[in-house]
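See structure below.
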Amino acid sequence: MKIVVLMKVVPDTYVDRTLSLETGLADRATADLVLDEIDERALEVALAHADEDPETEIVAVAMTPEPGVTSLRKALALGATSALQVVDDRLLGADVVLTAEILAAAVQHVGFDLVLAGDASTDGSGGAVPAAVAELLALPCATALAEVELTATEVTGLRASDGATVRLTAPLPAVVSVTEALPEARMAGFKGIIAAKKKTIETVSATDLGVDPEPADAARSIMLAVAERPARTAGTKIVDRGDAGEQLAAFLLENRLA
């Protein structure tokens, strides 16, 4: 089985992240870039299957600026067979649709039996890319799975809802996204780190994948304005002089909270 894992390189959540007021994009020039933790969990699903079936091939695919190759190599150290990095300055600030178009083309470029991804990235949190990729590839899509079981012909999983647990099954090929309920990725061992240096990372552009990032007739989401979050101010203090209830009611009405 050939499993493609969609990975995203994001600013580390353990440090302060900033938004450029000029571009409206996360500042990645000075941030510590890491593989998104939710995508590492998706990779762990593939690695666990490879433990049971040594014939499994795992390809990590990421659309990332050139410096992201360092983070992508971690996927190889964890056990991925190879990686594909899409680097193109025209993709800076790509919306969900363009991102899905690039990733779908990248998946077709490397070939696959199954596509795995995290359900929502820690920086954008859109949660729509896996389903959009499945739509573009015309494949069944099982999203937000908390458990995943793989066979040679199908994928089965559990999705938690508000009032029940839903069991889903889809024939392969398919696209699957997973939640944080899945186990964390294993640690990269010394042997894996050394082996990663010999593994292949193919670099392609949007043109190589046959995708035009700037077609005149495409619908795109565009950032119109961005502003710095205002500083916190002191809250309203109500002193009870016999009319605290009236003051509270007036405050709730004024702020449309009642």
Side-chain angles (χ1 to χ4, degrees), residues 1-14 17 26 34-53 56 58-63 71-72 74-75 78-80 94-97 99-104 106-107 112-188 221:
M1 180 185 295
K2 189 171 187 178
I3 303 176
V4 174
V5 184
L6 304 181
M7 320 269 328
K8 189 172 185 182
V9 177
V10 298
D12 195 338
T13 57
Y14 286 96
R17 294 176 290 176
V34 297
L35 289 179
D36 203 333
E37 184 266 346
I38 188 64
D39 295 331
E40 289 190 10
R41 292 177 189 257
L43 177 60
E44 178 59 32
V45 173
L47 294 174
H49 182 74
D51 290 341
E52 301 295 328
D53 180 7
T56 301
I58 302 172
V59 184
V61 170
M63 186 183 84
S71 300
L72 191 55
K74 179 185 177 183
L78 290 172
D95 65 358
V96 168
V97 175
T99 299
E101 289 176 358
I102 290 292
L103 292 177
V107 166
F112 66 97
D113 296 301
L114 173 68
V115 179
L116 289 171
D119 62 337
S121 63
T122 56
D123 57 349
S125 301
V129 170
V133 169
E135 178 68 18
L136 291 169
L137 296 174
L139 292 177
C141 181
T143 57
L145 297 188
E147 293 182 16
V148 179
E149 298 175 10
L150 296 176
T151 69
T153 59
E154 66 180 19
V155 56
T156 303
L158 297 181
R159 177 196 295 151
S161 67
D162 291 339
T165 298
V166 181
R167 187 173 182 84
L168 305 173
T169 299
L172 298 182
V175 177
V176 170
S177 69
V178 303
T179 71
E180 292 184 347
L182 271 292
E184 294 182 0
R186 62 195 67 186
M187 298 291 291
S221 298

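By convention here, the first residue in the shown sequence is residue 1.
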Do you know the tightest heavy-atom contact between Gly118 and Ile38? CA-CG1, 3.6 Å
Any chance you could lay out the side chain to side chain contact (heavy atoms under 4.5 Å, CB included) test for Val115 and Val61, step after step, and finish with the verdict? CA-CA 10 Å; Val115 179; Val61 170; over 6 Å; no
Look up atom CZ in Arg41 and atom CG in Leu182, then write down how far apart they are to the nearest 0.5 Å. 7.5 Å
Atom NE2 in His49, atom OG1 in Thr56: separation rounded to 0.5 Å? 4.0 Å
Any side-chain heavy atom of Met7 sitting closer than 4.5 Å to one from Asp36? no
Applying side chain to side chain contact (heavy atoms under 4.5 Å, CB included) between Leu43 and each of Leu6, Val178, Ile58, Leu35, report the one that passes. Ile58
Which atom of Gly157 lies closest to which atom of Leu145, heavy atoms considered: CA-CD1, 3.9 Å
One pair to check against salt bridge (Lys or Arg N to Asp or Glu O under 4.0 Å): Glu44 and Arg186. What are the steps and the verdict? CA-CA 7 Å; Glu44 178 59 32; Arg186 62 195 67 186; 2.8 Å; yes
Pair Thr156, Arg167: side-chain N/O donor-acceptor within cut-off below 3.5 Å: no
Here the gap from Glu52 atom CD to Leu150 atom CG, rounded to the nearest 0.5 Å, amounts to 11.0 Å
A side-chain contact here means heavy atoms from C-beta on lying under 4.5 Å apart; do Val34 and Val10 qualify? yes
N/O donor-acceptor pair under 3.5 Å between Asp39 side chain and Lys8 backbone: yes
Salt-bridge present (Arg159, Asp119; N to O < 4.0 Å): no
Can you tell me if Glu135 has over 12 outside heavy atoms packed within less than 6.0 Å of its CD? no
Take Glu184 and Glu40, measure what side chain to side chain contact (heavy atoms under 4.5 Å, CB included) needs, and give me the verdict at the end. CA-CA 7 Å; Glu184 294 182 0; Glu40 289 190 10; over 6 Å; no
For Val166 against Ser161, the heavy-atom pair lying closest together: CG2-OG, 4.4 Å
Interatomic distance, Leu114 atom CG to Lys2 atom NZ [nearest 0.5 angstrom]: 13.0 Å
Any heavy-atom pair between the side chains of Val176 and Val45 that's under 4.5 Å? no
Atom pair CG/NZ of Leu72 and Lys74 - distance to nearest 0.5 Å: 12.0 Å
Over all heavy atoms of both residues, which pair between Ala46 and Val5 is shortest? Give the atoms and the distance, please. CB-CG2, 4.0 Å
How long is the gap from CD1 on Ile3 to CG on Asp53, to the nearest 0.5 Å? 8.5 Å
side-chain contact (heavy atoms from CB on, under 4.5 Å) involving Ala120 - partner list, sequence neighbours excluded: none
Identify the two heavy atoms, one from Leu78 and one from Ala188, that lie closest to each other, and give their separation to 0.1 Å. CD2-N, 3.6 Å
How close do Ala131 and Cys141 get, heavy atom to heavy atom, and via which atoms? CA-SG, 3.9 Å
Closer than 3.5 angstrom, by distance alone: can the side chain of Ser177 be matched with the main-chain N or O of Ala117 as a donor-acceptor pair? no
